[in-house]
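Structure record follows, encoded as structure tokens.
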Amino acid sequence: MATAGCRLLWEFLAELLNSSADDVIRWEDKPLLKFRVMDPQRLAERWGQEKGKAGMTYEKLSRALRYYYKTNIVAKVRGQRLTYR
DNA sequence: TACCCGGAAGACTG
DNA sequence: ACAGTCTTCCGGGT
């Protein structure tokens, strides 16, 4: 069950948001839990390293994010590649 | 352009 | 063998 082992995508994103990786992803409005991806390509590279997937791209990372809409882990704020969790 | 949308299929893990 | 969480691929949208 569940990848539980360690970093799920949302845990990885939360860690980046709570650290100072402002060049890749940052809070747009922390109280509202809105964040913004500043550098899609670098975000995908870091995610790829986490999972040991060399060919990770933002297209694929965002596909995983779309599956999150269904479970309400994240929601898209169109017009600015913003999301909240 | 670059990013966004979801269905379908399949890999990987505990 | 099984179910959860993606990963990969695709055609189409804004």
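Throughout, protein chains are lettered first and strands after them, A, B, ... in sequence-line order, and every chain is numbered starting at 1.
- We find the CG-CG distance between Leu43(A) and Leu16(A) to be 6.5 Å, quoted to the nearest 0.5 Å.
- Within residues 65-74 of chain A, the residues that place at least one heavy atom under 4.0 Å from DNA chain B are, in residue-number order, Arg66(A), Tyr67(A), Tyr69(A).
- Between the CG atom of Asp39(A) and the P atom of dA2(B) there is a distance of 13 Å, given to the nearest Å.
- The side chain of Lys60(A) contributes no N or O atom lying less than 4.0 Å from OP1 or OP2 of dT7(C).
- One finds the CZ atom of Arg66(A) at 9.5 Å from the NZ atom of Lys76(A) (value rounded to the nearest 0.5 Å).
- Using cut-offs of 30° and 60° on the angle between ring planes, the pair Trp27(A) and Phe35(A) is perpendicular.
- Not one side-chain nitrogen or oxygen of Trp10(A) sits closer than 4.0 Å to the OP1 or OP2 atom of dT5(C).
- Rotation axes derived from the C1' atoms of the five outermost pairs at either end of the helix from dA2(B)-dT14(C) to dG14(B)-dC2(C) lie 30° apart, to the nearest 10°.
- Counting to the nearest Å, the C1' atom of dA2(B) and the NZ atom of Lys76(A) are 12 Å from each other.
- Residues forming a side-chain hydrogen bond (donor to acceptor under 3.5 Å, both in side chains) with Glu59(A) (at least two apart in sequence, or on another chain): Arg63(A).
- Nearest-nucleotide mapping onto DNA chain C: of Leu9(A) and Glu59(A), the residue sitting toward the 5' end is Leu9(A).
- No engagement by Leu61(A) is indicated, since no non-hydrogen atom pair under 4.0 Å with the nucleic acid exists.
- Distance, Phe12(A) CZ to dT7(C) P: 11 Å, rounded to whole Å.
- Here the P atom of nucleotide dT5(C) and the CH2 atom of Trp47(A) are 12 Å apart, to the nearest Å.
- To the nearest 0.5 angstrom, Arg42(A) atom CZ is 15.0 Å from Tyr58(A) atom OH.
- Between the CG atom of Leu13(A) and the CD atom of Glu50(A) there is a distance of 10.0 Å, given to the nearest 0.5 Å.
- Nucleotides of DNA chain B nearest to Lys53(A) and Ser62(A) differ in position, and the one nearer the 5' end is that of Ser62(A).
- To the nearest 0.5 Å, atom CD of residue Gln41(A) and atom CG of residue Leu61(A) are 12.0 Å apart.
- A distance of 8.0 Å separates CD in Glu11(A) from CZ in Arg7(A), rounded to the nearest 0.5 Å.
- Rounded to whole Å, atom P of dC4(B) lies 8 Å from atom CZ of Arg78(A).
- With a 6.0 Å radius and a threshold of 12 heavy atoms from other residues, nucleotides or ligands, Glu15(A) has its CD atom above the threshold.
- With rounding to whole Å, Met56(A) atom CE is found 10 Å from dC6(C) atom P.
- Distance, Lys51(A) NZ to dG4(C) P: 16 Å, rounded to whole Å.
- As rounded to whole Å, 13 Å separates atom P of dG7(B) from atom CZ of Arg63(A).
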